[in-house]
Amino acid sequence: MSVRDPAALQAAAAALADDLAAAATPLLGVALAPVLLPNERREAAHDPRRVRPGLLALATEARTFVLDCPYLPDLRPLAPVLAGPRPPYVVFPDAHFYLTVLARLGLAPPRLGCTRTAALLLAEGTLARDDELEFHNLVERYLKRPFPARWKQGQIALFDGREYLDWDRGAVLAHTAGRATELLRAMTHDHLRPRGMSRAFELECKLLPAVVAMESAGVAVDGARFAAVADGWRREREATADPERQAQLDKLITSYANWPRDYIEKDGRMRPHLDPLGTDSGRFACSRPNLQQVPSEYKAPGLRACFRAAPGHTLVIADYAQIELRVAAHLAPCAALREVFRAGRDPHRATAATLARKPEAEVTPHERKLAKAINFGFLFGMGAERFRDYAQTHYDLALDLAAAERAREAFFSTFPGIAAWHRRVGAMSPREDNFVRTTLGRRKRFPAGHFSFNAALNIPVQGTAAEGFKKAMTALHPALAELGGRGVLCVHDEYLAEVPETHAEAARTLVQQTMQAAMAEVVPSVPIAVDSRVAPSWAE
DNA sequence: ATGGTAGATAGC
DNA sequence: GAATGCTATCTACCAT
């Protein structure tokens, strides 16, 4: 049987549906993931409907299963998404998502050899060469074990915790139905809860409908205007003789100029792929295109103005103010930094005042600029030497090494709680296994010999901020819908929503307050500030 | 030809 | 004692 044999795949789909129904658990319910193999992604860019009709048929079966499953009330909001203009290409319940969650939570890879979906397809001989590679990677990635050399197409390698076993298709169905249920159930109760990870896992599960809806919504882009901006880059590239400027323009042209052609869909919207479990820290990964790296107004004037609201709508744009400093003040903990925020003071002025030995009110703009670099640079363990580079390239400040050392000392004497936190993390033994955690329990493991001081400082802060943001996204998904609005993009600490013009102000208030309240749940000891605005485009 | 990686650079 | 971190994407380069 091959992928080009729809009838056989229909039969496989029916068998899979039976299998899933027999093995259904709440966990399998949340293990819902858009799955599209890399070679298919390229084809799908041209015509989603043409890609692997067999797999789409499979997805249809699975979709029915998912939406009818009594265990899955939280996933029912997905129904309109699946019926919408850009349903996920292939959606079916399998263990992939679940395995990803566990991996990102820092759990040992589960003792389940393969996803049942992949196993079934493999058994049916439906996987093309690239698919096999993908499956191979999946198994290696999650099991961290070499794939057995004796494996060949048509056979199943199932890992039972000690070794790989080969199964024919019948054995797989019989085995995985029972075994998967047993293992997944055991992982919830025996692994997640005692490790304090239930809350992080539940957040990811609740977030999923909001993510899929955001992917489905996409963001409206003015393609003609975008092309005009890109043409401006090309013209300047021809005209300028400055090699530095040429390199900058080359980066812009090669990285962004083709976005309208490659990514604007027929309805004028870009729909990037969001991966809420794509990073160690818990932040989102975004790709094809990565709208989290659209150049700023400073780097590429006029570009962000191409990202707009649909007619009759407006954008609501909100972002957290100094979120990493606030989270660090909470986690460290640092009484001095907390007090700065509680009193409504400016943390950059506080550092500048220490350095210049004068009251905060007398700090000059230049002193404040230096202090901003200091606060951001030294927070996560940067050294004085590296700070010189950083201040030069990012803030256009020239310092000698002695000045950089003084800056470092000023930072730590202004915020002694931060200094104590750095000492604590610095005392962790690099020769042993170490873990750091976010507020909700997501953890990052540093295997013995692979400890990173800086990552151990950064990840809990970045990750806790991401958790507060994800909570906000989860809450905003249904709340915005009541106003006829929807989230269209998230950029780490910034949220973009598209709302009817008639409800712009109500939506702005809703977004700002929801974001503040959600972050306050994970960062209770420091006030949270969110800046928000109503604008026709991302640039304004 | 294709695959994997290092380095630069865009964002936060 | 010292040590920014997390990404995606592009080009250049080396290996198969």
Side-chain angles (χ1 to χ4, degrees), chain A residues 38-39 104 129-130 133 136-137 233 244-259 262-263 272-300 303-304 307 319-325 327-328 331 373-391 393-394 401 404-405 407-408 411-412 418-419 421-423 425-428 430 436 438 442 444 446 450-467 469 489-496 538:
Chain A
N39 57 323
R104 289 297 174 191
R129 181 174 167 278
D130 283 2
L133 287 174
H136 182 138
N137 292 341
W233 299 336
E244 206 169 305
R245 182 62 184 155
Q246 287 180 352
Q248 278 178 6
L249 290 164
D250 283 342
K251 175 66 177 173
L252 292 176
I253 292 164
T254 58
S255 296
Y256 307 108
N258 289 334
W259 276 16
D262 292 344
Y263 296 115
H273 297 245
L274 295 171
D275 184 354
L277 297 164
T279 68
D280 281 0
S281 64
R283 288 193 346 178
F284 279 80
C286 178
S287 61
R288 290 171 290 144
N290 182 359
L291 290 189
Q292 294 183 330
Q293 60 173 178
V294 177
S296 63
E297 196 60 17
Y298 173 74
K299 283 279 171 76
L303 187 61
R304 289 198 175 201
F307 294 80
D319 66 295
Y320 290 101
Q322 301 139 333
I323 190 58
E324 292 194 333
L325 275 175
V327 175
L331 290 181
I374 291 170
N375 283 346
F376 195 67
F378 291 125
L379 180 62
F380 297 122
M382 192 183 284
E385 210 153 326
R386 177 87 189 256
F387 176 73
R388 283 184 64 196
D389 272 4
Y390 169 74
T393 54
H394 289 77
L401 196 56
E405 290 287 4
R408 191 165 183 275
F411 175 73
F412 286 121
I418 301 291
W421 167 48
H422 284 205
R423 282 195 297 274
V425 174
M428 294 171 98
V436 294
T438 61
R442 174 189 297 274
K444 162 71 179 174
F446 298 100
H450 293 88
F451 185 68
S452 162
F453 171 75
N454 307 95
L457 292 174
N458 181 283
I459 285 177
V461 175
Q462 204 180 95
T464 297
E467 285 166 347
F469 189 48
L489 190 62
C490 57
V491 191
H492 307 312
D493 65 351
E494 182 180 21
Y495 185 84
L496 278 75
W538 199 1

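Per chain, numbering begins at 1; letters A, B, ... match sequence-line order.
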message = So, OP1 or OP2 of C:dG5: does either fall under 4.0 Å of a side-chain N or O from A:Asn454?
response = yes
ask   = Below 4.0 angstrom from OP1 or OP2 of B:dG11, is there any side-chain N or O of A:Ser296?
value = yes
request  = Just call it for A:Tyr256: base, sugar-phosphate, or nothing, with non-hydrogen atoms closer than 4.0 Å on any strand.
outcome  = sugar-phosphate
inquiry  = Under 4.0 Å, heavy atoms only, any strand: does A:Val461 hit a base, just the sugar-phosphate, or nothing?
reply    = nothing
Could you check which of [options] has an atom nearest any side-chain atom of [X]?
{"X": "A:Ala285", "options": "B:dA10, C:dT7, C:dC6", "value": "C:dT7"}
{"X": "A:Arg304", "options": "B:dG11, C:dT11, C:dT7", "value": "B:dG11"}
{"X": "A:Lys299", "options": "C:dC6, B:dG11, B:dC12", "value": "B:dG11"}
{"X": "A:Ala455", "options": "C:dT9, C:dG5, C:dT7", "value": "C:dG5"}
{"X": "A:Lys251", "options": "C:dT4, B:dG11, C:dT9", "value": "C:dT9"}
{"X": "A:Phe453", "options": "B:dG11, C:dA3, C:dG5", "value": "C:dA3"}
{"X": "A:Met382", "options": "B:dG11, C:dT4, C:dT9", "value": "C:dT4"}
{"X": "A:Arg283", "options": "B:dG11, C:dC10, C:dT4", "value": "B:dG11"}

When the distance from [atom1] of [X] to [atom2] of [N] is rounded to whole Å, what number comes out?
{"X": "A:Asp389", "N": "B:dA8", "atom1": "CG", "atom2": "P", "answer": "12 Å"}
{"X": "A:His394", "N": "B:dT9", "atom1": "NE2", "atom2": "P", "answer": "11 Å"}
{"X": "A:Phe284", "N": "C:dG5", "atom1": "CZ", "atom2": "C1'", "answer": "19 Å"}
{"X": "A:Asp262", "N": "C:dA8", "atom1": "CG", "atom2": "P", "answer": "18 Å"}
{"X": "A:Leu489", "N": "B:dG11", "atom1": "CG", "atom2": "P", "answer": "15 Å"}
{"X": "A:Glu385", "N": "C:dA3", "atom1": "CD", "atom2": "P", "answer": "7 Å"}
{"X": "A:Gln293", "N": "C:dT9", "atom1": "CD", "atom2": "C1'", "answer": "6 Å"}
{"X": "A:Tyr390", "N": "C:dG5", "atom1": "OH", "atom2": "P", "answer": "13 Å"}

note = Between A:Ala373 and A:Phe387 the two heavy atoms that sit nearest each other are O-CE1, 3.4 Å
remark   = Note: A:Phe380 and A:Asn454 closest approach over all heavy atoms is O-ND2, 3.2 Å
inquiry  = Give me the distance, rounded to whole Å, that separates B:dA10 from C:dA2 when you measure between the P atoms they each carry.
reply    = 32 Å
message = Can you check the distance between C:dA3 and B:dT9, where both ends of the measurement are the P atom (answer in whole Å)?
response = 22 Å
Between protein and nucleotides 12-14 of chain C, what N or O pairs are separated by less than 3.5 Å?
none

Determine yes or no for a side-chain-to-main-chain donor-acceptor pair under 3.5 angstrom, with [X] supplying the side chain and [Y] the backbone.
{"X": "A:His394", "Y": "A:Asp389", "value": "no"}
{"X": "A:Glu324", "Y": "A:Gln462", "value": "no"}
{"X": "A:Arg304", "Y": "A:Val294", "value": "yes"}

inquiry  = With nearest nucleotide decided by heavy atoms, which residue, A:Gly383 or A:Asn290, maps closer to the 5′ end of DNA chain C?
reply    = A:Gly383
message = Ring-plane angle category for A:Phe378 and A:Phe412, please: parallel below 30°, perpendicular beyond 60°, tilted otherwise.
response = tilted
inquiry  = Going by the rule ring-ring contact (aromatic ring centres under 6.0 Å, His included), which residues pair with A:His450 if we only count those two or more places apart in sequence or in a different chain?
reply    = none
task = State, yes or no, whether a side-chain contact exists between A:Leu291 and A:Val491 at a heavy-atom distance under 4.5 Å.
result = no
